[in-house]
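Encoded as structure tokens, the structure appears first; notes follow it.
Below, chains carry the letters A, B, ... as their sequence lines are ordered, and counting in each starts from 1.
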Amino acid sequence: MMPTLLVLPALIMFAVSFVKNDKAKFWLPASSFLILLPIVKLFLLPKPYALIGNYLVADRLDTYVLLVSSIVGIGVTLALLTLDKHVKVSQKAYRRFYRFFAIFWIGLTLSILSNHMGLYWIGLELATLSTVYMIKTNHTPAAHKEAWNYMIVGAIAISLVLFGIILMYASAKPILGEEAMRFDLLLAHADKIPSPFLFEMGFAIATLGMFVKMGFFPMNLWLANIERASFYPVAALFSGILESAVIIGFFRFSQIAEKVNYAHLFGFVFVYTLLTIFIVSFLIFRAKDFMRLFSLSGVEHMALIALFWVSGGTFAALLHFGAHAFLKPALFLSTGVLESNGKYRIAGALRGYHGKKGQLFWVLVSLFLLAIISLPPSPMFFSELYGFGAMIDTAKQSHHMLAMIGAVLLLLILLSVIFYRFVAVYQSMKYEGKTEEKKVYGSELAALMLFALCLIALLLPVSIDYLHTIGQG
Amino acid sequence: MGVDFLIGLFLATLITALFTSRLYRLIMWYSLNSLMLGILALLIGQELGDTAMLITGVATILIKAIGIPYLLKYLSQKFHFVRQIQPEVKVHYAIILIPAILVFTFYLAEPITHMIHGNANYVAVSISSLFLSLLLMMEHKNVAPKIIGFLSMENALFLLGITATDGMPMLVELGIFFDLLMAIVVINLLFHKEEVKS
């Protein structure tokens, strides 16, 4: 019953996508809220809770990730109602977008809740393929080219993940048999894996695939280009839901790799994420449009989450993840309005709003922009404090304290570059350029309000306690 | 012995595909590559007494060796694809590059082969097939050969699954097949705009 309820909103969306009545789409935001009922129930149930045998199991971590990604799904369905007001889209393409969004949602729910490496991969692949068509909904040569790019690069990334999974499975099969696909059993028997080298090699390859999918080094610009070419809700879905499913895979694999050889795991992820942030910070500095700016900032934040996670800052990583998952889709969805007068018109983008809706819109967008660069009281401010603290704590247990302090200082410099760029963009949006009237619709404002409320909820003591309990085991 | 011969043919069909300059010929080499994979799964499955692998072998032959090549040919006729597909990597460079990839992957897989019981060298063949499929994707500008490269990559991963792990769980293999079909649906939708352009 519970698994059916969890995919019910997506199934309704899939069914509605075949209805040719244009008014049918108004049912979708209401039906998407239905997903909150089984998730609330999941929070109340004892963990781990088996949804379908040992294949789909809800624990504290995936219940949290599922809640975050579902809220993003709700927000996107709300904002989708007015997509045709901002961009040119035919009703047929609109309906098809919903159809593939539904498949995407089902795939990622499967990935997030899976306790099985194979199922995790299947869900991710399903979501990757369904995204291809969502990119192509925008009937421009650039979107068409990027859809193929996504198909090919996405397929390579996802194949690397499967390649890694096969090697990890092979490493543990002698002791666990076919059950070596299960995350919980792998974690419990990680120290008994007969071929740790094989496991580590599999982990490195799978992680490389996941990092490529999130736009890490050396594929820093591929996601930004795709998000630029497609309609803005696609970027919101990428940053809020797809990356949630990818990062939960990284969390799961790295929990096992930590037990196999922590020094190797930390070294690999540390160097990789630092290199990614180094390159991305300069790309952000040169970004000339909102989409690329937000997309590259997303890569930076995902790299920080991975870094905090392997440094033992589970709480910091999860808080950062939650805040990013709400902030980034909110910013991406607001680009529909911000770019009303052209893609590259940053100057004056926050001016020209009238009425209560307009006023509320620019205030919210301003707050989101300042929150994404970790200005207090943004949850990201606290998560970064805890994250850097965790990095120093890790260094205390090794002989690399000076190197870690150096790395933290380098990170702070790079984050300052990003901070400077965002503040400059904000000032340009608010104080430069001509004032041109822009229209804000109720549904997109409702989506932004939802994300703002969720951000506040992240800082409530009950949320903080919950995130701490995930870290404790 | 039979398995060694089939693995050799699997690799040979992929290498030949890299030199092919005609689309239908490329589809045929992909079909033969999949056929070898399917027969391999049947042979290894019979050796291990693994019913799941036998089912997978039959499904591979039906879906990958017959169904997908037929569908690809149908799509290419429907959307009038250019059938002359000249690889970007010239033949004399490819002759050097392909053995280099094979030697490199055997060297790369050397530490792993000690850890895998049974068909240890086949893992190296799987990894080299993966790199060769990537090369197939890279050496063509046209979309259709890129898709065949992607499908060959799936075959290479499948071979790795069969040889390195003595078969993946049935559920995973069926899921991979399902995803492959979904990929074909998406590719079909993308083709709608591609038409004569490519």
Does atom [atom1] of [X] have more than 12 heavy-atom neighbours from other groups under 6.0 Å away?
X	atom1	answer
A/Y94	OH	yes
B/Y107	OH	no
B/Q77	CD	yes
A/R95	CZ	yes

Between A/I103, A/T128, A/L119, A/I156, the one whose heavy-atom pairs under 4.5 Å with chain B are most numerous | A/I156
Can you give me every donor-acceptor pair (side chain of residues 145-160 of chain B, partner residue at least two apart or in another chain, under 3.5 Å) with its distance?
residue, atom, partner, partner atom, Å
B/K146, NZ, B/M137, O, 3.1
B/K146, NZ, B/H140, O, 3.0
B/S152, OG, B/I148, O, 2.8
B/N155, OD1, B/K64, NZ, 3.2
B/N155, ND2, B/N33, OD1, 2.9
B/N155, ND2, B/S34, OG, 3.1

Within residues 158-166 of chain A, residues adjacent to chain B where the heavy-atom gap is under 4.5 Å | A/S159, A/L162, A/F163, A/I166
Measure the spacing between CD1 of A/I205 and CG of B/L130 and express it to the nearest 0.5 Å.
-> 8.5 Å
Tell me, side chain or backbone of A/S171 under 4.5 Å from chain B's heavy atoms, or both, or neither?
-> neither
